[in-house]
Amino acid sequence: MKGSDEEARNHIVRALEKDVSNLQPIATPSTYFYGKAVARAARFALIAEEVHYHNVIPRVKEFLEKSLTPWLDGSYRGNALMYDTKWGGLVSRVGARDSGADFGFGVYNDHHYHLGYFCYAIAVLAKLNRSWAHRFKPHVYSIVNDFMTLTCGQQSLYTRLRNFDLWKLHSWASGITEFADGRNQESSSEAVNAYYSAALIGVAYGDVHLIATGSTLAALEIRSAKAWWHVPVNSTVYEPEFTRENRVIGVLWENKRDSGLWFAPANWRECRLGIQLLPIVPITELLFSNLEFVKELVEWTTPALKREGVGEGWKGFVYALESMYDRENALKNVMNLNEHDDGNSLSNLLWWIYRRSSNPN
């Protein structure tokens, strides 16, 4: 870890002990929020491994087994993943009954987002428990193939590259619902996470083809995010008036771009930053590799944090980027937070911050 010392390690270890001890059965049946919660827990195992604190890993492994197995063996009562023969893909039981449930997962919205979180957690558990990985390999590959199969034609059970656009070189999150302005995608970072997580499953199973495919799509998604979703001060992609007012896109459509989000207005800048950053994982380093842009983005966002009612979880994402050029101030800000995003944690934020040098120059 960059710039780390024994004090930093101890800080992370204390956070890990608390976060892991507080793991509880996941209450939500939502494919999206359940996926975020189980991926959040998986991060604890990898952070613990990185700081050489293995005491908490058995507890995380047990939690992942209990949380993921019911989805794969069909015993989870709150929801389920089912194969849809009409469109060739997985849908949630809840989403199949209600097109508005699970953010439209039943009509193929956001598949790479939701399943990407599951893939991250599955990859970690497959690393920790080889017998579990072997037992559920067909189920795991069904989840991956839903959004990332390259096979086409009658022999394929799944739509080829369901979300990824080989012409635009990025994904679209919208499913089979038609919109006047075409397809759209809000979170570029969750798209990156999906292909990155699929590549991690390839690592866990020794599947070089899956590693190569996931890594390639993740790299293309990052390149497109930097081109279309990130708006540096010196950007010439959009008209000058738009560039002066924006540092990130809210939602990118085929025929327009929105500053607002599906769930928040344009002036909630902390949400706009956060939705283009979460989840914080190692590949986030590559998505936000331009330190000059990171500083521009944080300075553009910070005034919005003074607004009444700003969520603590969204603040955490702002401080995470701030740490890339001002570690000490970001650390102070993070330690003053009272809660974190449901896919994030103090352990994860400390891991991210302590990877920074105290002098980024």
Q: Have E65 and W132 got a donor and an acceptor in their side chains that come within less than 3.5 Å?
A: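 Looking only at side-chain atoms, W132 and E65 do not form any donor-acceptor pair under 3.5 Å.
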Q: I'd like to know if the side chain of S323 reaches the main chain of A330, judged simply by a donor and an acceptor atom lying under 3.5 Å from each other, with no hydrogens or angles considered.
A: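 Between the backbone of A330 and the side chain of S323 there is no qualifying donor-acceptor contact (under 3.5 Å).
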Q: Can you check whether I280's main-chain N or O pairs, donor with acceptor, with N348's side chain at less than 3.5 Å?
A: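 Checked: pair present.
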Q: So, for Y113 and F103, is the gap between ring centers shorter than 6.0 Å?
A: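 Ring centroids of Y113 and F103 are no less than 6.0 Å from each other.
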Q: With clusters defined by side-chain heavy atoms of hydrophobic residues (ILVMFWY) lying less than 4.5 Å apart, directly or transitively, does F118 cluster with V203?
A: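 Looking at the clustering, F118 is in a separate group from V203.
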Q: Working to the nearest 0.5 angstrom, can you tell me the gap between T216 OG1 and F164 CZ?
A: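 The distance works out to 9.5 Å.
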Q: For E239, I'd like to know if atom CD has over 12 heavy atoms of other residues, nucleotides or ligands within 6.0 Å.
A: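 Enclosed.
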Q: Starting from the C-alpha separation in whole Å, work towards a yes-or-no answer on side chain to side chain donor-acceptor pair (under 3.5 Å) for Y120 and R43.
A: CA-CA 9 Å; Y120 191 91; R43 288 291 305 137; 2.9 Å; yes
Q: Salt bridge check: are K66 and E62 linked by an N-O gap of less than 4.0 Å?
A: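 A salt bridge links K66 with E62.
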Q: Verify the neighbour count for atom CZ of R223: are there more than 12 heavy atoms of other residues, nucleotides or ligands below 6.0 Å?
A: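 No, not enclosed.
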Q: State the CG-CG distance between N10 and D5, to the nearest 0.5 angstrom.
A: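 One gets 9.0 Å once the value is rounded to the nearest 0.5 Å.
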Q: Could you tell me whether a side-chain N or O of Y205 sits under 3.5 Å from a main-chain N or O of A133, the two making a donor and an acceptor?
A: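 Yes.
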Q: Output the distance between atom CG (L157) and atom OG1 (T149), rounded to the nearest 0.5 Å.
A: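 Rounded to the nearest 0.5 Å, the CG-OG1 separation comes out at 8.5 Å.
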Q: Using modelled atom types only, decide if a donor and an acceptor are shared between the side chain of D146 and the backbone of S142 within a distance under 3.5 Å.
A: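 Answer holds: no.
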Q: Answer yes if the side chains of K226 and S289 hold a donor-acceptor pair under 3.5 Å, and no otherwise.
A: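 S289 and K226 do have a side-chain donor-acceptor pair below 3.5 Å.
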Q: What heavy-atom pair brings F147 and A198 nearest, and what distance separates the two atoms?
A: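 Nearest pair, atom of F147 first, then A198: CZ-CB, 4.4 Å.
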Q: I'd like to know if the side chain of T213 and the backbone of L210 have a donor-acceptor N/O pair within less than 3.5 Å.
A: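 Absent.
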Q: Going by the ring pair (Phe, Tyr, Trp, His ring centres under 6.0 Å) test, which pairs reach into residues 44-65, not counting sequence neighbours?
A: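 Applying ring pair (Phe, Tyr, Trp, His ring centres under 6.0 Å) to every pair that reaches into residues 44-65, excluding sequence neighbours, yields nothing.
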Q: Crowded around E178 CD? As in, over 12 foreign heavy atoms under 6.0 Å?
A: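 It does not: E178 CD has 12 such atoms or fewer within range.
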Q: If only atom types and distance count, is the side chain of E221 paired as donor or acceptor with the main-chain N or O of A191 below 3.5 Å?
A: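 Pair absent, no side-chain N/O of E221 close to backbone of A191.
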Q: Are E245 and R272 close enough for a salt bridge, meaning some N to O gap below 4.0 Å?
A: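 Salt bridge between E245 and R272, a charged N being under 4.0 Å from a carboxylate O: no.
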Q: Could you tell me whether the side chain of L72 reaches within less than 4.5 Å of the side chain of I143, counting heavy atoms only?
A: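 Yes; the side chains approach each other to less than 4.5 Å.
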Q: Identify the two heavy atoms, one from N255 and one from G182, that lie closest to each other, and give their separation to 0.1 Å.
A: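 That would be ND2-N, 4.2 Å.
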Q: Sub-3.5 Å donor-acceptor pair from the side chain of R162 to the main-chain atoms of H112, do we have one?
A: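 Judged by distance alone, no pair lies under 3.5 Å.
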Q: For E292, does the CD atom sit with more than 12 other heavy atoms under 6.0 Å from it, leaving out its own atoms?
A: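 No - once you tally the heavy atoms of other residues, nucleotides and ligands closer than 6.0 Å, there are 12 at most.
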Q: Going by heavy atoms in the side chains, are L346 and M335 under 4.5 Å from each other?
A: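 SC-SC contact between L346 and M335 confirmed.
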Q: Has Q185 got a side-chain atom pairing as donor or acceptor with D110's backbone, closer than 3.5 angstrom?
A: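 No: the side chain of Q185 does not pair with the backbone of D110.
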Q: If you draw the axis of the six-membered ring of W352, does the NZ or CZ of R356 fall within 45° of it and under 6.0 Å from the ring centre?
A: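 Here R356 passes the 6.0 Å and 45° test against W352.
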Q: Does either side chain, that of N79 or that of D102, offer a donor lying less than 3.5 Å from an acceptor on the other one?
A: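 Indeed, the side chains of N79 and D102 share at least one donor-acceptor pair under 3.5 Å.
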Q: Enter the distance from K332:NZ to D326:CG here, rounded to the nearest 0.5 Å.
A: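 The NZ atom of K332 sits 8.5 Å away from the CG atom of D326.
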Q: Keeping to residues at least two apart or across chains, list the ring pair (Phe, Tyr, Trp, His ring centres under 6.0 Å) pairs with something in residues 229-257.
A: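 Ring pair (Phe, Tyr, Trp, His ring centres under 6.0 Å) check on residues 229-257 returns H170-W229, F179-W253, H230-F288, H230-F293, Y238-F242, W253-W262.
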Q: Main chain of Y117, side chain of S197: is a donor-acceptor contact present, judged purely on distance under 3.5 Å?
A: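 No; judged by distance alone, with no hydrogens or angles, the pair does not exist.
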Q: Hey, does M324 have a side-chain heavy atom less than 4.5 Å from the side chain of V298?
A: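 With C-beta onward as the side chain, the pair stays apart.
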Q: Name the residue from Y83, W87, Y141 that meets the ring pair (Phe, Tyr, Trp, His ring centres under 6.0 Å) definition with Y158.
A: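 In the set Y83, W87, Y141, the residue that makes a ring pair (Phe, Tyr, Trp, His ring centres under 6.0 Å) with Y158 is Y83.
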Q: Is there a donor-acceptor contact under 3.5 Å from the side chain of S174 to the main chain of R183?
A: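 No, S174 side chain to R183 backbone: no donor-acceptor pair under 3.5 Å.
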Q: Do L68 and M82 land in one hydrophobic cluster if side-chain heavy atoms of ILVMFWY residues count as linked below 4.5 Å?
A: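 No; tracing contacts between hydrophobic side chains, which count when under 4.5 Å, never links both residues.
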Q: Can a donor-acceptor pair be found between the side chains of Y195 and S171 at a distance below 3.5 Å?
A: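 Per modelled atom types, Y195 and S171 side chains form a pair under 3.5 Å.
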Q: Within this structure, what is the CG-CD1 distance for the pair L261 and I249, rounded to the nearest 0.5 Å?
A: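 So the gap between those two atoms works out to 10.5 Å.
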Q: Are W228 and L286 linked, directly or through intermediate hydrophobic residues, by side-chain heavy-atom contacts shorter than 4.5 Å (ILVMFWY only)?
A: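 Each belongs to a different hydrophobic cluster.
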Q: Distance from N193 atom CG to L278 atom CG, nearest 0.5 Å?
A: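 N193 CG to L278 CG: 9.0 Å, rounded to 0.5 Å.
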Q: For I275 and S189, work out which heavy atoms get closest and say how close.
A: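 Closest approach of I275 to S189: O-OG, 3.1 Å.
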Q: Salt bridge between R40 and D341, side-chain N to carboxylate O under 4.0 Å?
A: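 So R40 does not pair with D341 through a salt bridge.
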Q: Just checking, is any N or O donor in the side chain of R307 or N267 under 3.5 Å from an acceptor N or O on the other one?
A: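 No, because no side-chain N or O of R307 sits under 3.5 Å from a partner of the opposite role on N267.
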Q: Is there a path of hydrophobic side-chain contacts, each under 4.5 Å between heavy atoms, that joins L46 and V56?
A: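 Linked, L46 and V56 end up in one cluster.
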Q: Salt-bridged, E312 to K315, with N to O below 4.0 Å?
A: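 Answer for the salt bridge query: yes.
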Q: Using side-chain contact (heavy atoms from CB on, under 4.5 Å), reason through W351 and L16 one step at a time and then give a plain yes or no.
A: CA-CA 10 Å; W351 163 83; L16 278 171; over 6 Å; no
